Amino acid sequence: MTADLFPPDSELSLAPGALLLPGLALDQAGVLLDAVNAVTAAAALRQLHTPGGQLMQVAMSNCGDLGWVSDARGYRYQAHDPLTGRAWPTMPALIKQLAAAAAQRAGFADFDPDACLINRYLPGNRLSLHQDRDEQDYSQPIVSISLGLPAVFLFGGLTRADKPARLTLQHGDVLVWGGPSRLRFHGVQPLAAGEHPLLGACRINLTLRRAN
Ligand code: MD3
Ligand code: FE
């Protein structure tokens, strides 16, 4: 039984500025997924190319005023989906509110995300170690919501050489990264095969950021 491992309001400080809220999104997982599916029906999940020309394994889409994209021209946020030329779908209020509530628990009172990146992992997909540095204001935190299959998250230090710690993220877990942890290197190990009752052989991560 995982239900009793963490009482519903528990929180775990991983490092200064890094707070894990186990199962915070569990109650809302079904409606969150409905909202994600509505977004990806309008702005399809797609694999992006790194500026160096590598095809990323994780498939991505966005909602909100700005979406994160990568191509030969670099990494950036932009208001339009490059696949369609249309504005990204509106960020569902439910997602924005959950992110703001999580950030508040970590001491960030007015987190108002303008970008929500949707990452889809299939078994074997990984995200290599990187920093999130494409945003304007590093005093704003980042909130991550995990849905579906568990993933081993790597959280490193402020230099690439720092050996990362490993943390398994479960369906419904929410993480806040801010303050001194905002620029930590991080990544995701290859997703193990499995079947999740709601998502099947898949993990979805929502990353909420203030980009501008
Ligand atoms: C730690 N996504 O999209 S989210 C990303 O699970 C990304 O899909 C991962 O890294 C995923 O850029 C991890 C959690 C996360 C996001 C930003 C961070 C952890 C972070 C920034 C600093 C430290
Ligand atoms: Fe990241």
Side-chain angles (χ1 to χ4, degrees), residues 12-22 24-25 32 36 40 45-48 50-51 56-64 66-70 74-77 88 95 98-99 102-103 106 108 111 113-160 162-192 196 199 202-211:
L12 190 59
S13 174
L14 303 174
L19 188 70
L20 172 61
L21 299 160
L24 184 68
L32 282 169
V36 169
T40 59
L45 289 161
R46 82 297 300 262
Q47 288 172 270
L48 301 173
T50 66
M56 296 180 73
Q57 292 182 350
V58 177
M60 299 180 174
S61 184
N62 293 277
C63 56
L66 291 168
W68 186 86
V69 298
S70 175
Y75 304 126
R76 65 190 173 279
Y77 286 92
W88 297 105
I95 295 176
L98 177 59
F108 300 94
F111 182 51
D114 57 8
C116 174
L117 174 65
I118 301 167
N119 288 341
R120 188 209 53 201
Y121 295 78
L122 300 178
N125 292 174
R126 66 193 290 267
L127 188 68
S128 56
L129 211 62
H130 66 279
Q131 290 174 299
D132 288 16
R133 290 195 312 194
D134 303 319
E135 300 75 30
Q136 297 285 336
D137 180 0
Y138 301 148
S139 75
Q140 293 286 325
I142 293 179
V143 175
S144 134
I145 303 168
S146 291
L147 297 168
L149 289 178
V152 178
F153 177 73
L154 299 170
F155 92 98
L158 296 178
T159 75
R160 189 176 283 282
D162 293 327
K163 188 182 158 68
R166 282 169 171 71
L167 175 73
T168 298
L169 293 178
Q170 305 283 352
H171 176 67
D173 286 353
V174 179
L175 272 165
V176 183
W177 301 90
S181 286
R182 174 63 179 75
L183 288 173
R184 281 179 187 273
F185 279 86
H186 58 279
V188 179
Q189 285 194 347
L191 193 75
H196 186 274
L199 282 113
C202 170
R203 169 177 187 255
I204 298 274
N205 181 267
L206 307 177
T207 306
L208 288 116
R209 306 188 179 99
R210 183 81 203 180

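Because the structure is a prediction, the values reported are computed rather than measured. Residue numbers start at 1 and run along the sequence shown. First listed ligand is number 1; within each ligand, the first listed atom is number 1.
- Using modelled atom types, one side-chain atom of Arg160 and one backbone atom of Leu129 make a donor-acceptor pair closer than 3.5 Å.
- Take Ala151 and apply the side-chain contact (heavy atoms from CB on, under 4.5 Å) test, not counting sequence neighbours, and it matches Val188, Leu191, Arg203.
- Shown are the protein N/O/S atoms under 2.8 Å from the Fe ion (ligand 2), given by residue and atom: His130 NE2, Asp132 OD1, His186 NE2.
- The CE atom of Met56 sits 10.5 Å away from the CG atom of Asn125 when rounded to the nearest 0.5 Å.
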- Message: Please evaluate residues Asp173 and Ser146 with respect to the criterion side chain to side chain donor-acceptor pair (under 3.5 Å), reporting the C-alpha separation (whole Å), side-chain torsions for both, the decisive distance (0.1 Å), and the verdict.
- Response: CA-CA 5 Å; Asp173 286 353; Ser146 291; over 6 Å; no
- Message: Please determine whether side-chain contact (heavy atoms from CB on, under 4.5 Å) holds for the pair Asn205 and Leu127, giving the CA-CA distance in whole Å, both sets of side-chain angles, and the decisive distance to 0.1 Å.
- Response: CA-CA 12 Å; Asn205 181 267; Leu127 188 68; over 6 Å; no
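- Within 4.0 Å of ligand 1, contacts by protein heavy atoms are made from Leu117, Asn119, Tyr121, Leu127, His130, Asp132, Ile142, Ser144, Phe153, Trp177, Ser181, Arg182, Arg184, His186, Val188, Arg203, Asn205, Thr207, Arg209.
- Ring planes of Tyr75 and Trp68: parallel class, angle under 30° (limits at 30 and 60°).
- The aromatic rings of Phe153 and Trp177 lie tilted to each other, with the angle between the two planes from 30° to 60°.
- With hydrogens and angles ignored, the 3.5 Å screen pairs no side-chain donor or acceptor of Glu135 with any backbone N or O of Arg210.
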N/O donor-acceptor pairs under 3.5 Å from side chains in residues 114-121, not counting sequence neighbours:
unit_1: Asp114; atom_1: OD1; unit_2: Ala211; atom_2: N; d: 2.6
unit_1: Asp114; atom_1: OD2; unit_2: Asn212; atom_2: N; d: 3.1

